[in-house]
A.B. asks: 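Below: one structure in structure tokens.
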Amino acid sequence: MKLRAIVAAGISILALSACVEIKSDAKIASDAKVSFTTTYDVSKIITAMQMTNKGSADDMAKGLSCEKMNEQLTKEYSCKDLGVGKFAVSGSFAGDASHGVTLDADKNQMSVDAVQLFKKVADLNPSKQTADATDAASALMQKGLVPVAADQAAQYKQMGMALTLNVTLPAEVLSVDGVEAKDIKDNTVAVNFIDVAGKDSYVLTSKASKNQIWWKVLKMLGVLLAIAAIVAAVLYLLKRKKTQSPSPVPPVAATVEPITKIDEINDVVNDDTEPVDSPKA
């Protein structure tokens with residue numbers, strides 16, 4: 001069976017019951033560099049095909065693997081097989097407006113159009129893809145996955161299709177699709193493109209760097225150091241006061257010196273008395 005027929009069979013099964021999952025994780029640095037990993041899972045299509053035509057399923061599995069993907073990838077990208085009909089592509093590139101990434105260094109802000117970014121990280125190598133692709137891999141990775149048309153959302157959900165992008169922004173997230181951001185953990189925003197069907201753009205904004213966070217940390221450290229200095233000063237004063245307190249003087253016992261001189265004896269005997277004359281002979 002020709003590859004075109006394999007593609008047709010695969011897409012036909014996909015339209016009936018099988019699901020495709022394309023999930024990307026993209027991390028954006030403060031200089032707008034994007035590092036990403038996109039996982040493609042079409043294993044359920046292949047499982048469904050094996051029930052009717054194992055040979056065709058095997059051919060399709062080969063086409064949907066790193067062996068085939070490496071023919072399309074540039075040297076900046078790498079592929080890793082995760083199982084039959086499941087593989088992951090990783091890479092990095094300098095983000096710019098064409099990829100939906102806009103950096104305003106003067107305002108310390110960054111904006112990311114998730115729709116445009118997903119097109120970049122989910123299309124393995126758009127420059128080598130053509131509208132008349134004749135292999136299963138290229139056919140399933142063609143552009144046009146996003147934006148999802150509003151009237152397709154219900155069908156995609158019923159089919160079990162997943163098109164998601166987790167974007168980790170460089171610093172504090174400010175807004176998500178025009179709404180003030182709240183309770184964003186680790187500066188990461190998850191976008192389900194089927195849930196936001198009908199949107200041609202889905203813009204996220206954030207601080208471009210973590211300077212503000214570090215400033216808060218430094219301020220907190222300053223407060224803690226000030227408290228520690230006050231405590232140390234109080235302890236020093238208490239210790240100094242205790243050291244300077246006079247020690248109690250022990251009582252001095254009275255002493256009596258021995259009388260040894262004869263004159264002192266006479267003074268004691270004749271004290272306050274008149275002298276007595278000796279009787280005349």
Side-chain angles (χ1 to χ4, degrees), residues 20-40 76-77 88-124 126 141 143-157 161-223:
V20 171
E21 294 183 354
I22 301 178
K23 299 180 179 180
S24 293
D25 292 291
K27 184 174 183 179
I28 305 176
S30 58
D31 61 354
K33 182 178 180 180
V34 181
S35 302
F36 76 95
T37 297
T38 302
T39 302
Y40 301 84
E76 292 83 7
Y77 294 171
V89 174
S90 301
S92 62
F93 55 90
D96 57 30
S98 66
H99 308 138
V101 180
T102 304
L103 173 63
D104 189 334
D106 293 335
K107 294 183 178 180
N108 190 35
Q109 288 190 4
M110 179 179 291
S111 67
V112 178
D113 185 343
V115 173
Q116 288 299 113
L117 181 61
F118 188 78
K119 288 180 179 181
K120 172 65 176 178
V121 300
D123 292 331
L124 300 182
M141 304 310 159
K143 291 184 178 181
L145 293 172
V146 293
V148 175
D151 58 359
Q152 292 179 323
Q155 181 185 2
Y156 281 4
K157 286 183 179 180
M161 180 178 282
L163 300 172
T164 60
L165 171 65
N166 295 321
V167 184
T168 300
L169 294 154
E172 178 188 358
V173 180
L174 302 175
S175 67
V176 176
D177 194 34
V179 179
E180 181 182 359
K182 295 181 179 179
D183 302 324
I184 303 297
K185 186 177 181 181
D186 299 327
N187 302 326
T188 300
V189 179
V191 182
N192 185 325
F193 292 101
I194 296 176
D195 289 342
V196 298
K199 290 182 176 291
D200 293 328
S201 65
Y202 195 85
V203 179
L204 317 173
T205 63
S206 78
K207 293 289 186 180
S209 68
K210 299 181 180 180
N211 293 340
Q212 297 297 325
I213 296 176
W214 280 111
W215 174 244
K216 291 179 181 179
V217 172
L218 290 175
K219 286 178 66 177
M220 183 178 294
L221 288 176
V223 172

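Numbers for residues simply follow the sequence, beginning at 1.
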A.B. asks: Look up atom CD1 in I184 and atom CD in E172, then write down how far apart they are to the nearest 0.5 Å.
C.D. replies: 10.5 Å

A.B. asks: Is there side-chain contact between V167 and T188, with heavy atoms separated by less than 4.5 Å?
C.D. replies: no

A.B. asks: Quiz question: by atom type and distance under 3.5 Å, do the side chains of S111 and T205 form a donor-acceptor pair?
C.D. replies: no

A.B. asks: Assess K33 against F93: is NZ or CZ under 6.0 Å from the centre of the six-membered ring, and within 45 degrees of the ring's axis?
C.D. replies: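 The answer is no; the distance or angle limit is not met.
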
A.B. asks: Would L117 and L165 count as a side chain to side chain contact (heavy atoms under 4.5 Å, CB included) if you check the C-alpha gap in whole Å, the side-chain angles of each, and the deciding distance to 0.1 Å?
C.D. replies: CA-CA 9 Å; L117 181 61; L165 171 65; 4.2 Å; yes

A.B. asks: With a 4.5 Å cut-off on side-chain heavy atoms, are Q109 and L103 touching?
C.D. replies: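 The answer is no; the side chains never approach within 4.5 Å.
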
A.B. asks: Quick check: does any side chain N or O of Y40 sit under 3.5 Å from a backbone N or O of A122, one acting as donor and the other as acceptor?
C.D. replies: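 Confirmed, Y40 side chain pairs with A122 backbone.
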
A.B. asks: For the OG1 atom of T168 and the NZ atom of K185, what is their distance to the nearest 0.5 Å?
C.D. replies: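 NZ of K185 is found 12.0 Å from OG1 of T168.
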
A.B. asks: Please answer whether the main-chain N or O of V203 pairs with a side-chain N or O of D113 as donor and acceptor at a distance below 3.5 Å.
C.D. replies: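 No: the side chain of D113 does not pair with the backbone of V203.
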
A.B. asks: To the closest 0.5 Å, what do you measure between CE (M110) and CD1 (I28)?
C.D. replies: 6.0 Å

A.B. asks: With the side chain counted from C-beta on, respond yes when Y202 and V176 share a heavy-atom pair under 4.5 Å apart, and no when they do not.
C.D. replies: yes

A.B. asks: Counting distance only, does the side-chain N/O of S35 pair as donor-acceptor with the main-chain N or O of S92 below 3.5 Å?
C.D. replies: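 No.
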
A.B. asks: Under 3.5 Å, is there a donor-acceptor pair linking the side chains of T37 and D25?
C.D. replies: no

A.B. asks: S24 and F118: side chain to side chain contact (heavy atoms under 4.5 Å, CB included), yes or no, with the steps?
C.D. replies: CA-CA 8 Å; S24 293; F118 188 78; 3.9 Å; yes

A.B. asks: Do the non-hydrogen side-chain atoms of F193 and T164 ever get within less than 4.5 Å of each other?
C.D. replies: no

A.B. asks: So, the side chain of D177 versus the backbone of L204: is there a donor-acceptor pair under 3.5 Å, distance only?
C.D. replies: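 No; judged by distance alone, with no hydrogens or angles, the pair does not exist.
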
A.B. asks: M161 versus I194: any side-chain heavy-atom pair under 4.5 Å?
C.D. replies: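 They are in side-chain contact.
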
A.B. asks: State, to 0.1 Å, how close S206 and A171 come at their nearest heavy-atom pair, and which atoms those are.
C.D. replies: CB-O, 3.9 Å

A.B. asks: Return the NZ to CD distance between K119 and Q116, rounded to the nearest 0.5 Å.
C.D. replies: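 That separation rounds to 4.5 Å.
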
A.B. asks: So do L169 and V112 actually touch side chain to side chain, heavy atoms under 4.5 Å?
C.D. replies: yes

A.B. asks: Less than 4.5 Å apart, any side-chain heavy atom of V173 and any of V189?
C.D. replies: yes

A.B. asks: With the side chain counted from C-beta on, respond yes when S209 and P170 share a heavy-atom pair under 4.5 Å apart, and no when they do not.
C.D. replies: no

